[in-house]
Structure formats: structure tokens, C-alpha cells
Amino acid sequence: MEGKRGSECLLKSVSNIDFNPELSFVTLERRIAPLDYILKDQSADLITQRIIKDINVVQNELKKTNSQRKDVFNYKLGTRYFSLALDDVILLSTSKLRPGSVQLHAINKVAEFPGNLNALEEKYPQFFRCDKSSLVNLNHLRSFDYKEKELLLDGEIRCKASFRKSRELNKLLRDN
């Protein structure tokens, strides 16, 4: 679903590069909304700069659209942006091998990306902080062993809860 929205945005934002300025009317006639119209008689450097500017405009629009959606989890890996349904996220935990990295466990995906749990907890308050290194989507909770302070999540993922958070989780589960 997200891929479709992104491609729709990219298809609507077309940069035309052409020799003939009269063809701009054909573009409008075919109901293509151009983001930019670049003539080929300009220098290669200028054309390159304008294409890069157009790509940045489209990327910023995609980021803005994705960050405004509340049902989507977004993360960045290198220069690429990824999105998945918030309901698919099972667990977010800090990486023990790479400080400053977060491991994502989702229904059909496992990924590691730069970030910190405090920022993610603030951005996605629907996740439960079960200890200092884990955020859990309680919709994927199968069971909670209060004595062992261990959560069993979908995909046979196990996670420990701190003493204080295990009491909070137990109360939360009892009340619901």
C-alpha cells in the first residue's frame, strides 16, 4: 500500500527534459502535472542541478506524507527510507552489537537501523516500554509470565521486562 502511494506521488511529479518548449503544451494536454520543465539546450551541470533539486523535492514530500500518517512506522537506513504498517511491528530493541542502532522485529521483516528507543517511544506512544532496551507492540503479546518477567510475542520472540515495568504490564493486562 505504501509503495503505491509513493509511486503515485512520483508519477504525478514528472520532470520533463526536452529540446522543444512547444511540447510543454502537449504535457499539459495529456494531464501530466510537471514538477519542472528543463530544456536540453542548457549546460549539463545546470540540468544535473535541477534534476537533483527535483528529486529532493519529491523525497521531502514523501517524507512529509509518511511522517504525517499515524498508522505507518518509518525508518531510515543509509540514504533509503522504509515504511511498514504499524500493526506489523512486534518489537523494537537496542542492538547489543552496535550501540546507537535499533533492531526491528516485524511480522515479515527483521532490520537494524540507526536510532534510539527514547525518540521512538515518544514518536510511537502505542508501544510499551518493557525495559530500558525494548519497546513492544502489545497487540502481538501471546503471554506474560509475571514470575519470570518474560513476554512471549508472535514469532516466538521472547523479551524480558524490568521489575517495575512488569508490575505496570501486569496491572495493564488485568485492567483490560
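In this text, all values refer to a predicted model and were calculated from it rather than measured experimentally. All values below come from the heavy atoms of this structure, side chains included, with hydrogens, waters and symmetry mates left out.
- A distance of 11.0 Å separates CZ of F128 from OG of S134, quoted to the nearest 0.5 Å.
- To the nearest 0.5 angstrom, D131 atom CG is 7.5 Å from R129 atom CZ.
- For residues 146-176, the set of pairs meeting the ring pair (Phe, Tyr, Trp, His ring centres under 6.0 Å) definition, not counting sequence neighbours, is empty.
- From L117, atom CG reaches atom OH of Y124 across 13.0 Å, with rounding to the nearest 0.5 Å.
- Proximity of a side-chain donor or acceptor of N60 to a complementary backbone N or O of N56 within less than 3.5 Å is detected.
- Every side chain to side chain donor-acceptor pair (under 3.5 Å) that N137 has, sequence neighbours left out, goes to N139.
- With sequence neighbours excluded, no residue forms a side chain to side chain donor-acceptor pair (under 3.5 Å) with Q49.
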**Message:** side-chain contact (heavy atoms from CB on, under 4.5 Å), that's the test. Do S133 and S93 meet it? Break it down for me.
**Reply:** CA-CA 5 Å; S133 62; S93 61; 5.6 Å; no
Would you list the atom pairs, donor with acceptor, under 3.5 Å between side chains in residues 97-111 and any protein atom, with sequence neighbours excluded?
from : atom 1 : to   : atom 2 : distance (Å)
R98  : NH1    : E112 : OE2    : 3.2
K109 : NZ     : Y75  : OH     : 3.4

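- In this view, K132 satisfies the side-chain contact (heavy atoms from CB on, under 4.5 Å) rule with no residue, not counting sequence neighbours.
- Contact check for L169 versus L151: side-chain heavy atoms found under the 4.5 Å cut-off.
- Rounded to the nearest 0.5 angstrom, R50 CZ and I55 CD1 are separated by 13.5 Å.
- Residues forming a side-chain contact (heavy atoms from CB on, under 4.5 Å) with R174 (at least two apart in sequence, or on another chain): N170, K171.
- The cluster map of Ile, Leu, Val, Met, Phe, Trp and Tyr, joined by side-chain heavy atoms under 4.5 Å apart, puts F144 and L91 in the same cluster.
- The salt bridge (Lys or Arg N to Asp or Glu O under 4.0 Å) search around E148 returns none, not counting sequence neighbours.
- Every side chain to side chain donor-acceptor pair (under 3.5 Å) that E156 has, sequence neighbours left out, goes to R142.
- Just one of I157, L152, D154 meets the side chain to side chain contact (heavy atoms under 4.5 Å, CB included) condition when paired with H140; it is D154.
- Contacts of K149 classified as salt bridge (Lys or Arg N to Asp or Glu O under 4.0 Å), with partners at least two apart in sequence or in another chain: none.
- Applying the salt bridge (Lys or Arg N to Asp or Glu O under 4.0 Å) test to every pair with at least one member in residues 157-166, sequence neighbours left out, gives these pairs: E150-R158, K165-E168.
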**Request:** List the steps, then state whether side-chain contact (heavy atoms from CB on, under 4.5 Å) holds for L84 with V89.
**Result:** CA-CA 8 Å; L84 65 144; V89 176; 4.1 Å; yes
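- Transitive grouping of hydrophobic side chains (ILVMFWY, heavy atoms separated by less than 4.5 Å) brings L141 and I90 into a common cluster.
- Under the side chain to side chain donor-acceptor pair (under 3.5 Å) criterion, D45 pairs with no residue, sequence neighbours left out.
- The CG atom of L173 sits 6.5 Å away from the CG atom of L138 when rounded to the nearest 0.5 Å.
- Taking OG1 from T94 and CG from L120, the interatomic distance works out to 11.0 Å, rounded to the nearest 0.5 Å.
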